[in-house]
Amino acid sequence: MEMKKLEGQTAVVTGASSGIGQACAIALGMAGANVVVNYAGNPNGAIVAVDKIKAAGGRAMVVQADVSQKEQVDNMFAQAVEAFGTVDILVNNAGLQKDAAFIDMTLEQWNYVLAVNLTGQFLCAQAAVKEFIRRGMNGHSKALGKIICMSSVHELIPWAGHVNYAASKGGVMLMMKSLAQELGPMKIRVNSVAPGAIKTPINHMAWETPEAEERLLKLIPYKRVGVVDDIGNVTVWLASDESDYIHGATIFVDGGMTLYPGFEDNG
Ligand code: NAD
C-alpha cells in the first residue's frame, strides 16, 4: 500500500469543532496524521471530525482547551504527547470576530479578539516548539516540526468595523515571519494560510442570501466563494515535505481577493 503523505506524524488543530479547523483536521487525518482535534466549548463538531478520521482507519482524539489560556494549552500538548508520543504539526486555527465600529468598540471586545487570535497562536506555537525540540528529529519529516498559522486576507487588507480582528491578523503575519526567521535554523518550518471568503459560521451573513453572495462575489475575481476544503487541501500540502522549501510565507487562498478587485473594470 502507498504511504500516506503524513503517515506517522501527529497534528494539533485548534478550533477544530467547526468550519476551516474541522476541515483541516479531517484532511490531515485522511493524509495519515494522528490528529488532536481541539475545541473550546461545544465538542459536537470535534467529535464529528474524530469519527470521520477513525472511520477512514486513522487515529484522532478530541481535547478541550481555550487557546488563550496557557495552562490549558500546555495541558492539551501534554495530552497529545501522552496519546501519540509527540507533535509534528500545529495548525494554529482558532479565531473569532467581535465586530464594532471603532468608536463603540469596548476594551473587552478588543482584548478578547487579540487574546484568542494572536496570544492563542503565540501560546500554541511556543508549546509546539518546546515539544519539537524535546523530541528531536525522528525521520518522519525533513523538518523538525511545522507550524501553520491561520491568518486572513486581513493581514493585508484593512477592515473598517473590525479593527480588533485586522490588528490580530496583522500581528499574526509578523509573528509568523519572526518565528520563521528565529526557528528556521532549528529546521522548524513556519508559514501562514490566508483565507479570503470561505463559507463557515464566522461569516454566514456574507453569503447566506443570494443578494449577499452577489455582493461578496464583487470582491472575488475568481467569482466563487471559497469552501473549507480549499483551505484543508492547502494546509495538508503545507504540512507535508512537498512544501519543504516554503518557509516564512503566507499562502493566500482567496480567489484573488487581494488583487484589488475594484480595478476589475479598469478602475
Ligand atoms: P468558525 O467560527 O467556524 O471556527 C472558529 C473556531 O475557533 C470555532 O470552532 C471556535 O469554537 C474556535 N474557537 C474560538 N475561540 C476559541 C478559543 N479561545 N480556544 C479554542 N478554540 C476557539 O470560523 P472559521 O471561518 O472556520 O475560522 C477559522 C479561522 O480561519 C479563524 O482564525 C479565522 O479568523 C480564519 N479565517 C476565516 C475566514 C473565512 O472566510 N471563514 C477568512 C479568513 C480567515
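Start at 1 and go down the list; that is how both ligands and their atoms are numbered.
- With a heavy-atom cut-off of 4.0 Å, Y39 does not touch ligand 1 at all.
- For the residue pair E155 / T250, a side-chain donor-acceptor distance below 3.5 Å is found, with atom types taken as modelled.
- Atoms of ligand 1 found under 4.0 Å from any heavy atom of G196 (numbered from 1 in listed order, with element): 38 (C), 39 (C), 40 (O), 42 (C), 43 (C).
- Other residues, nucleotides and ligands contribute more than 12 heavy atoms inside 6.0 Å of the CD atom of E213.
- Relative to atom 5 (C) of ligand 1, the option among A23, G95, S168, G41 with the closest non-hydrogen atom is G95.
- With a 4.0 Å cut-off on non-hydrogen atoms, N93 touches ligand 1 through its backbone as well as its side chain.
- Both the backbone and the side chain of V67 come within 4.0 Å of ligand 1, counting heavy atoms alone.
- In this structure, V172 and N117 have side chains that are not in contact, with every pair of non-hydrogen atoms separated by 4.5 Å or more.
- Clustering ILVMFWY residues whenever any of their side-chain heavy atoms sit less than 4.5 angstrom apart, transitively, puts V253 in the very cluster that holds V236.
- Among S17, A65, P201, the residue whose heavy atom lies nearest to atom 20 (C) of ligand 1 is A65.
- By the 6.0 Å contact criterion, CG on N266 is open, its count of non-hydrogen atoms from other residues, nucleotides or ligands being 12 or less.
- Two residues are said to be in side-chain contact when any heavy atoms from C-beta on lie closer than 4.5 Å; I246 and W237 meet this criterion.
- Ring geometry, H162 versus W159: the interplanar angle falls under 30°, so the pair is classed parallel (tilted spans 30 to 60°).
- The atoms of ligand 1 that sit less than 4.0 Å from any heavy atom of Y165 are 33 (C), 34 (O), 35 (C), 36 (N), 43 (C), 44 (C).
- Residue contact check for ligand 1: T14 places no non-hydrogen atom closer than 4.0 Å to it.
- Here's the thing with V153: none of its N/O atoms is less than 3.5 angstrom from an N/O atom of ligand 1.
- Checked by atom type, the side-chain pair S141/D241 shows a donor-acceptor distance below 3.5 Å.
- Within a 6.0 Å radius of NZ in K5, other residues, nucleotides and ligands contribute more than 12 heavy atoms.
- Residue contacts with ligand 1 for T200 involve side-chain atoms from C-beta outward but no N, CA, C or O (heavy atoms, distance under 4.0 Å).
- Looking at ligand 1, you'll find an N or O of I198 within less than 3.5 Å of one of its N or O atoms.
- Only the backbone of S151 comes within 4.0 Å of ligand 1, counting heavy atoms alone; no side-chain atom from C-beta on gets that close.
- Residues R135 and D88 have side chains in contact (heavy-atom distance under 4.5 Å, counting atoms from C-beta outward).
- There is no protein heavy atom less than 4.0 angstrom from atom 10 (C) of ligand 1.
- Interface atoms of ligand 1 facing D66, defined by a heavy-atom separation under 4.0 Å, are 17 (C), 18 (N), 19 (N).
- By the criterion of a heavy-atom distance under 4.0 Å, the side chain of K169, and not its backbone, is placed next to ligand 1.
- When heavy-atom distances to ligand 1 are checked against a 4.0 Å cut-off, A197 comes that close only through its backbone atoms N, CA, C and O.
- Atoms of ligand 1 found under 4.0 Å from any heavy atom of S18, numbered from 1 in the order shown, are 1 (P), 3 (O), 4 (O), 8 (C), 9 (O).
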